[in-house]
Amino acid sequence: VGEGPTTNRQWLLAARPFGIVKESDFDFRESPVPEVAEGTALVRNLYLAFDPAMRGWMEDRESYMPPVQIGEPMRGAGVGQVIESRCEGFEPGDFVQGMACWQEYSLASPSAGWNKVPDGMPLTLPLHLFGITGLTAYFGLTDIGQPKSGETVVVSGAAGATGSVAGQVARILGCRVIGIAGGAEKCAWVTGEARFDACIDYKSEDVGKRLGELCPDGIDVYFDNVGGETLEAVLDHIAQNARVVLCGGISGYNDEEPKPGPHNLMNLIVQRGRMQGFIVLDYFSRFGEAIAELAGWLGEGQLVAREDVQEGIENAPSTFLRLFAGQNTGKQLLKLADPPIG
Ligand SMILES: NC(=O)c1ccc[n+]([C@@H]2O[C@H](COP(=O)([O-])OP(=O)(O)OC[C@H]3O[C@@H](n4cnc5c(N)ncnc54)[C@H](OP(=O)(O)O)[C@@H]3O)[C@@H](O)[C@H]2O)c1
């Protein structure tokens with residue numbers, strides 16, 4: 001790469017996780033910066049994004065994405081700046097987003113799913129509000145949950161990247177919104193900055209009892225990020241024609257054996273309820289309209305998009321683990337560098 005950088009610090013998948021994911025499931029490696037092949041651009045990664053779903057990509061099973069292979073750089077989204085290009089459409093200095101993986105330098109190309117960050121957009125927003133978590137919140141809530149003004153919406157993982165946006169969108173659409181999150185500090189942020197009507201601290205309160213008190217007419221929409229006991233508690237309090245949006249089930253992602261399902265699914269029959277899963281990627285053709293609407297609300301100050309930014313490539317595994325320890329409020333990011341050009 002001429003006088004450019006020579007060393008690429010990376011984290012490779014070292015082992016398939018069993019139970020709770022561990023730092024030792026990853027290997028730190030110093031590799032040469034890749035040669036810039038025709039049709040690619042060399043990107044210096046600036047921010048990496050962390051998603052609970054990455055735990056699933058580490059396992060050897062087919063899903064909506066192929067598994068990461070042992071010895072490959074750990075897969076993850078990022079934004080970076082082009083420092084050398086042999087690729088039409090990408091110029092040195094351009095900010096781009098794509099599957100950066102846990103490394104300082106990546107080879108990018110539009111055919112590998114990379115695209116430019118729109119001019120003037122804060123660099124981290126494509127990694128959350130205008131990226132996977134914001135769009136998951138938007139489509140899961142509006143398309144699967146179909147909330148109507150005046151309805152009661154409950155959101156678990158309410159202080160997280162997806163849940164915080166889902167609840168705020170429900171509030172903007174005129175719903176009464178109850179969050180569920182771990183710890184008093186998170187609950188205070190959910191009702192304060194994110195302006196939910198109430199928030200239940202599942203670590204210190206009886207969730208079922210509090211749902212009964214806060215939702216006397218039942219829950220119309222439940223946006224579920226966690227599954228497990230929380231899902232079961234909510235199902236005991238659904239209203240007639242309730243919609244249960246299965247977005248994620250993080251409480252079980254590190255289980256060694258899958259737990260039995262909720263014991264009270266019959267409530268869906270009695271209450272004529274519906275429970276439906278979804279994958280945000282299926283809404284790809286509509287991402288533009290959702291980003292425009294979210295951007296409007298952000299600009300009007302109707303919603304906040306919080307970030308939790310850790311620093312340094314050496315901290316990639318420990319930053320990922322923060323998601324499962326509930327240490328993040330808002331989107332979990334890792335800053336690797338400032339823009340090297342300009
Ligand atoms: N369907 C889709 O297309 C799609 C797309 C993106 C994400 N998702 C799902 O959406 C959910 C949220 O993802 P995110 O990226 O926004 O992460 P996040 O909510 O920002 O971070 C994860 C949060 O989960 C909570 N958590 C961790 N362990 C838990 C446990 N055992 N029980 C209950 N809560 C626990 C923690 O908050 P507390 O401190 O409150 O416990 C933690 O902060 C995940 O389940 C993810 O898989 C689905």
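Every number for a ligand or one of its atoms is a count from 1 in the order of the listing. None of these values were measured; they are calculated from a predicted model.
A donor atom on one side chain and an acceptor atom on the other are not found under 3.5 Å apart for D94 and Q81. A donor-acceptor contact closer than 3.5 angstrom is absent between the side chains of Y283 and T136. Side-chain atoms of Q10 and S31 include a donor-acceptor pair closer than 3.5 Å. Between the side chains of S106 and N45, at least one donor-acceptor pair of N or O atoms lies under 3.5 Å. N225 and S156 share no donor-acceptor pair across their side chains, judged by distance under 3.5 Å alone.
Each of the following atoms of ligand 1 lies closer than 4.0 Å to a heavy atom of G249: 45 (O). Each of the following atoms of ligand 1 lies closer than 4.0 Å to a heavy atom of V226: 33 (C), 34 (N). Counting the atoms of ligand 1 from 1 in the order shown, those under 4.0 Å from a heavy atom of A181 are 40 (O). Residue-ligand proximity, T133 to ligand 1, at heavy-atom distances under 4.0 Å covers atoms 15 (O), 16 (O). In summary, the atoms of ligand 1 found under 4.0 Å from a heavy atom of G326, numbered by their order in the structure, are 36 (C), 39 (O), 42 (C), 43 (O).
Of the charged side-chain nitrogens involved, none lies within less than 4.0 Å of a carboxylate oxygen, so that D220 and R176 do not count as a salt-bridged pair.
With a 4.0 Å heavy-atom cut-off, ligand 1 is reached by the side chain of Y253 but not by its N, CA, C or O. At a heavy-atom distance under 4.0 Å, only side-chain atoms of T136, from C-beta outward, approach ligand 1. Heavy atoms of N328 found under 4.0 angstrom from ligand 1 belong to the backbone as well as the side chain. Under 4.0 angstrom from ligand 1, the non-hydrogen atoms of N225 come from both its backbone and its side chain.
The hydrophobic cluster containing V117 also contains L125, counting ILVMFWY residues as joined when their side-chain heavy atoms lie under 4.5 angstrom apart, directly or transitively. Taking hydrophobic clusters as Ile, Leu, Val, Met, Phe, Trp and Tyr residues chained together by side-chain heavy-atom distances below 4.5 Å, L303 shares a cluster with F287. L265 and V270 fall into different hydrophobic clusters, where Ile, Leu, Val, Met, Phe, Trp and Tyr residues are linked whenever their side-chain heavy atoms come under 4.5 Å apart, directly or through other members.
From the protein, the heavy atom lying nearest to atom 33 (C) of ligand 1 is Y202 OH, 3.4 Å. Atom 20 (O) of ligand 1 has as its closest protein heavy atom A161 N, 2.8 Å. Of the protein's non-hydrogen atoms, the one nearest atom 40 (O) of ligand 1 is G182 N, 2.8 Å. If you check which protein heavy atom lies closest to atom 32 (N) of ligand 1, you get S251 CB, 3.5 Å. From the protein, the heavy atom lying nearest to atom 15 (O) of ligand 1 is P52 CD, 3.1 Å. In terms of protein heavy-atom proximity, atom 23 (C) of ligand 1 is nearest to L323 O, 3.9 Å. At the shortest separation from atom 35 (C) of ligand 1 among protein heavy atoms lies I250 CG2, 3.5 Å. Considering only non-hydrogen protein atoms, atom 19 (O) of ligand 1 sits nearest to G160 CA, 3.3 Å.
When the heavy-atom distances from atom 48 (C) of ligand 1 to G277, G248, C247, G140 are ranked, the shortest goes to C247. Comparing heavy-atom distances from atom 7 (C) of ligand 1 across L135, T162, I279 singles out T162 as nearest. Among Y283, F278, F324, the residue whose heavy atom sits closest to atom 1 (N) of ligand 1 is F278. When the options Q327, K186, Q332, H128 are ranked by their closest heavy atom to atom 37 (O) of ligand 1, first place goes to K186.
Other residues, nucleotides and ligands contribute more than 12 heavy atoms inside 6.0 Å of the CD atom of E72. Around the NZ atom of K209, the shell of radius 6.0 Å holds no more than 12 heavy atoms that belong to other residues, nucleotides or ligands.
Under the 30°/60° scheme for interplanar angles, the aromatic rings of W11 and F26 are found to stand perpendicular.
Ligand 1 lies nowhere less than 4.0 angstrom from a heavy atom belonging to A159. Ligand 1 has G330 within reach: a non-hydrogen atom of the residue lies less than 4.0 Å from it. Contact annotation: G163 has no heavy atom less than 4.0 Å from any atom of ligand 1.
Pairs passing the side chain to side chain donor-acceptor pair (under 3.5 Å) check and including a residue from residues 299-308, sequence neighbours excluded, read T124-E307, H128-E307, E300-Q302, D308-Q310, D308-R322, D308-Q332.
Taking the six-membered ring wherever Trp is involved, the centroid distance between the rings of F50 and W102 falls below 6.0 Å.
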